[in-house]
Every structure is written in structure tokens, then in C-alpha cells.
Q: 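Sharing a structure below in C-alpha cells format, with a few things to ask.
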There are 2 protein chains.
Amino acid sequence: MSRYVERVAAELTEMGMQRMASRVFACILADDAGALTAAEVGERLHVSPAAVSGAVRYLAAVGLITREREPGSRRERYRMESDRWYQIFAQREGMIRRFEQTLDTGVGILGADSAAGRRIAETTEFFSFLREENGRLEQRWWDYVKRRDEARTPGE
Amino acid sequence: MSRYVERVAAELTEMGMQRMASRVFACILADDAGALTAAEVGERLHVSPAAVSGAVRYLAAVGLITREREPGSRRERYRMESDRWYQIFAQREGMIRRFEQTLDTGVGILGADSAAGRRIAETTEFFSFLREENGRLEQRWWDYVKRRDEARTPGE
DNA sequence: ACGAACGTTCACAAATTTGTGAAGTTAAGG
DNA sequence: CCTTAACTTCACAAATTTGTGAACGTTCGT
């Protein structure tokens, strides 16, 4: 079970997520309530509160978990909601846009008529395509979710 | 110019590519011929042949560059072709599939009727969606390329 | 076959990243 | 207000990743 968490975490790490963030996330993902306090996470992973703090900051910034205060306590709960994956699209959008812009300056530097300039322009074109399709994809995801949810509550 | 290469490389690195691989790739990308020998790369980046070798192995494995022998010499040329970006789709497909499978074992471990099990099932669903759409995307890219190329050679 | 030009591999060193402990900050509860 | 619980921050240590130099194949030209 703890092994499962580590396996999932390892793969998230391979996909580019920071190691600790992956572990914390996997931990919450596999928790029944889908929400844990920093202490609970630390206990399950055998890591210091400091490590959890850092990971949680990252995960919250990326929008994969939300922080919520437990009223009447200074504890905080970190919650994942399974519908938050769409954040990935937003992430990607920004990443691609930045890359496109950086790439594009090269056309100016190398000259639009040089072979290198043309190659870079083509590359930019690909990423531009990717970015537009990314938006389309997000839309398709929402449609998918909508259809799915309608199918699940046929009576309402 | 060399600064441009480094900027592009830095961003590729942020996107998850190994640092040296990013630099080598950016270097070739910005080269007029779109192809360099190991020595040339080493010289431009001020790195040892060993470093180039490692980076090149990775890039070739991922399919972003091809190696070609210069006939009549023991030199090798590493070439990027600007139409190779589609390799990204294949990469992603494999990554997602692996993750899906790993995730899915969790449903068995936690029970399909548990809250955690359901959450994981939903997560798997998202990635499954992503994988299918990834395939569709690749198709769309080819269509896009085809239309573009037809538009460019109207007479033929 | 031999020598030289290239690329590769491997053990090790440098650099970077990551996690820890301790001190600091904030807010609840008396 | 003062205490204490919970999280955060920061300097530093541990661990990991990354790049180097040297020794090792390979292949071409003679």
C-alpha cells in the first residue's frame, strides 16, 4: 500500500514532478478522504514537516491541491479533488507559450531567410499548433465530463 | 547567439529534458546545416566529447536527432529534421500508458468501492482520455502538415 | 597490418538538488 | 497576554545528478 504510493510517486517524478511533491501528491491521492494534514503526510512518508511544507507549496501553486483550514484548529488540510486535472492544460499552455516566444526571437537573430531561421520558424509552428490544440483538448475534456455526469444521473 | 542557444536550452530543460541534451539539441537547432559533428558541438558549448556523447545517445533514443556517417571519414553527424517533433506524441503515449497501468493497480488494492478507489478510477479515466486524444492529435498534426505542404507547392 | 582520428565508456569529481533540524512566525485557547 | 500547536523558513548536510579525463574500442587511410 505504501509501496503503491511510492510507485505512483516514482512515475510522477519521471514525468517531471519534483520528487517530494510526487510523494505527497500520491499520498493524498490514495487517502480515503482525499485530504491529509501536514503531520499525517509526514508520518506516512517518514519525512520532516519542512519537506512536506515545500512540496505542498509547489502542489498548491500548480493547482493540484487546495489548502483548507480546519475551523477551530491551526491545522491545515491539503485536499485533492479528482476534477482538478484540467489544471494540466493551463500549465502546458503557459509552458508552450513561453517556449514559442523564446524560439521566435531566434528567427530575428539568425535571419528569416537562413536555413536555421526557417527551421526555427517551422519548430515554432509546431508548438503553436500544440498550444492551440491544447485549448481544444481542454474543451473536449469538459464536454466529456459533462456527458459522463449526465449519463450518471439520468433521473435528474 | 550562443546566448540564444542557452536560452532555448534552459527552457527545454525546464520542460523536463536533461540539461546537456537540451544544450546539444538547441545547438543543432540553431545551426544552419541543422547537423553537427560531436567535435563541433563540443567546441560550441565548451564541453567534453564525453558529455556530447551522452547527450547524443539520449536524443537519438528519443528520436529527436538522427546519426549519420560522413562517408570517407569516421566522423558522425547529428542531424535534426524539423519534421521530427511528432516523436513527442509517441513519447507521451508511452508515458501515459505506463502511468495508467500503475494507477490502475491501486483500484484493486484500495477496493473499487472505497472513496480512494473511486478517486483513482477517475484519475485513470482522465489519463485514458489524454492518451486517446494524444493519438487524435498526432493525426491532426499530419493533416495540418499535409495541408500546409499542399498550399506551398500549388503547381505540383 | 599499423597509425591516427573519432567516438564511447567508466570511475571519479564537481555541481546541483533535495531533505533536515533548529529557529521563527502566526493564530488558537486559556 | 502568555502558552502552545501548527506551519514556514533558512543554513547546512546528504544524496543525487551531471560533466570530466583517461583509457578503450572502431574504422578509415595508408
Side-chain angles (χ1 to χ4, degrees), chain A residues 2 5-6 9-28 31 33 35-62 64-80, chain B residues 2 5-6 9-28 31 33 35-62 64-80:
Chain A
S2 145
V5 167
E6 294 300 338
E11 254 165 279
L12 284 170
T13 301
E14 260 186 73
M15 294 206 256
M17 190 184 284
Q18 303 171 4
R19 189 175 1 170
M20 201 50 162
S22 305
R23 296 180 69 200
V24 170
F25 187 76
C27 205
I28 298 176
D31 174 70
L36 294 169
T37 66
E40 288 169 331
V41 172
E43 191 188 343
R44 296 190 188 194
L45 298 178
H46 303 290
V47 294
S48 72
V52 176
S53 177
V56 151
R57 175 153 33 100
Y58 171 81
L59 289 170
V62 177
L64 285 176
I65 65 172
T66 54
R67 301 152 172 261
E68 45 186 57
R69 264 296 156 71
E70 263 184 1
S73 160
R74 47 247 147 242
R75 256 186 237 170
E76 221 163 23
R77 245 161 214 294
Y78 306 116
R79 167 175 307 279
M80 89 151 282
Chain B
S2 143
V5 168
E6 294 300 338
E11 252 165 281
L12 284 170
T13 302
E14 260 187 72
M15 295 207 255
M17 191 184 283
Q18 302 170 5
R19 188 173 4 167
M20 199 49 150
S22 304
R23 296 180 69 199
V24 171
F25 186 76
C27 205
I28 298 176
D31 175 70
L36 295 169
T37 66
E40 289 169 330
V41 172
E43 191 188 341
R44 297 192 187 193
L45 298 178
H46 304 290
V47 294
S48 72
V52 177
S53 178
V56 152
R57 175 152 33 100
Y58 171 80
L59 289 169
V62 177
L64 286 176
I65 65 173
T66 55
R67 302 152 171 261
E68 45 186 54
R69 263 298 159 69
E70 262 184 3
S73 161
R74 46 245 146 242
R75 255 185 238 172
E76 221 162 26
R77 248 164 213 292
Y78 307 116
R79 166 175 308 280
M80 91 151 281

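By convention in this document, chain letters (A, B, ...) are assigned in the order of the sequence lines, proteins followed by strands, and residues within each chain are numbered from 1. These numbers come from the heavy atoms of this one structure, side chains and all, not from hydrogens, waters or symmetry mates.
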Q: Scan residues 54-62 of chain A against DNA chain C and write down, sorted by residue number, each residue with any heavy atom closer than 4.0 Å; if none is found, say none.
A: none
Q: Which residues pass the side chain to side chain donor-acceptor pair (under 3.5 Å) test with A/Arg79, not counting sequence neighbours?
A: A/Glu68
Q: Between A/Arg75 (CZ) and C/dG29 (C1'), how many Å, whole number?
A: 15 Å
Q: Please classify the nucleic acid contact of A/Arg67 as base, sugar-phosphate, or nothing, using heavy-atom distances under 4.0 Å.
A: sugar-phosphate
Q: Enumerate the side chain to side chain donor-acceptor pair (under 3.5 Å) contacts for residues 43-56 of chain A, please, sequence neighbours excluded, ordered by first and then second residue.
A: A/Asp31-A/Arg44
Q: Considering residues at least two apart in sequence or located in another chain, which fulfil the side chain to side chain donor-acceptor pair (under 3.5 Å) criterion with B/Glu14?
A: none
Q: Just to verify, what does B/Arg67 make a salt bridge (charged side-chain N to carboxylate O under 4.0 Å, His left out) with, not counting sequence neighbours?
A: B/Glu76
Q: Flag the pair A/Glu6 / A/Leu45 as yes when at least one side-chain heavy-atom distance between them is below 4.5 Å, and no otherwise.
A: yes
Q: Tell me the interatomic distance from A/Glu68, atom CD, to D/dC7, atom P, rounded to whole angstroms.
A: 13 Å
Q: Nearest 0.5 Å, what's the CZ-CD1 distance between A/Arg77 and A/Ile28?
A: 10.5 Å
Q: Heavy atoms only, 4.0 Å cut-off, all strands: where does B/Ala38 land among base, sugar-phosphate and nothing?
A: sugar-phosphate
Q: Applying side chain to side chain contact (heavy atoms under 4.5 Å, CB included), can you list everything that pairs with B/Ala10, at least two apart in sequence or on another chain?
A: none
Q: In whole angstrom, give the distance that lies between atom CD of A/Glu43 and atom P of D/dC7.
A: 13 Å
Q: Once side chain to side chain donor-acceptor pair (under 3.5 Å) is applied, do any residues pair with A/Arg19, and if so which ones, sequence neighbours excluded?
A: none
Q: Base, backbone or nothing for each nucleotide of nucleotides 23-30 of chain D, written B, S, -, heavy atoms under 4.0 angstrom, 5' to 3'?
A: ----BSS-
Q: Can you sort out the partners of A/Tyr78 under ring-ring contact (aromatic ring centres under 6.0 Å, His included), two or more places apart, ordered by chain and number?
A: none
Q: Consider the side chain of B/Pro49, meaning its heavy atoms from C-beta on, and name the nucleotide among D/dT20, C/dT8, D/dT8 that approaches it most closely.
A: C/dT8
Q: B/Thr13: which residues meet the side chain to side chain donor-acceptor pair (under 3.5 Å) condition with it, sequence neighbours left out?
A: B/Ser22
Q: Going by side chain to side chain contact (heavy atoms under 4.5 Å, CB included), name the residues that satisfy it together with B/Ala39, two or more places apart in sequence or in a different chain.
A: B/Thr37
Q: For DNA chain C, which residues of residues 11-22 of chain B approach it to below 4.0 angstrom with any heavy atom?
A: B/Arg19
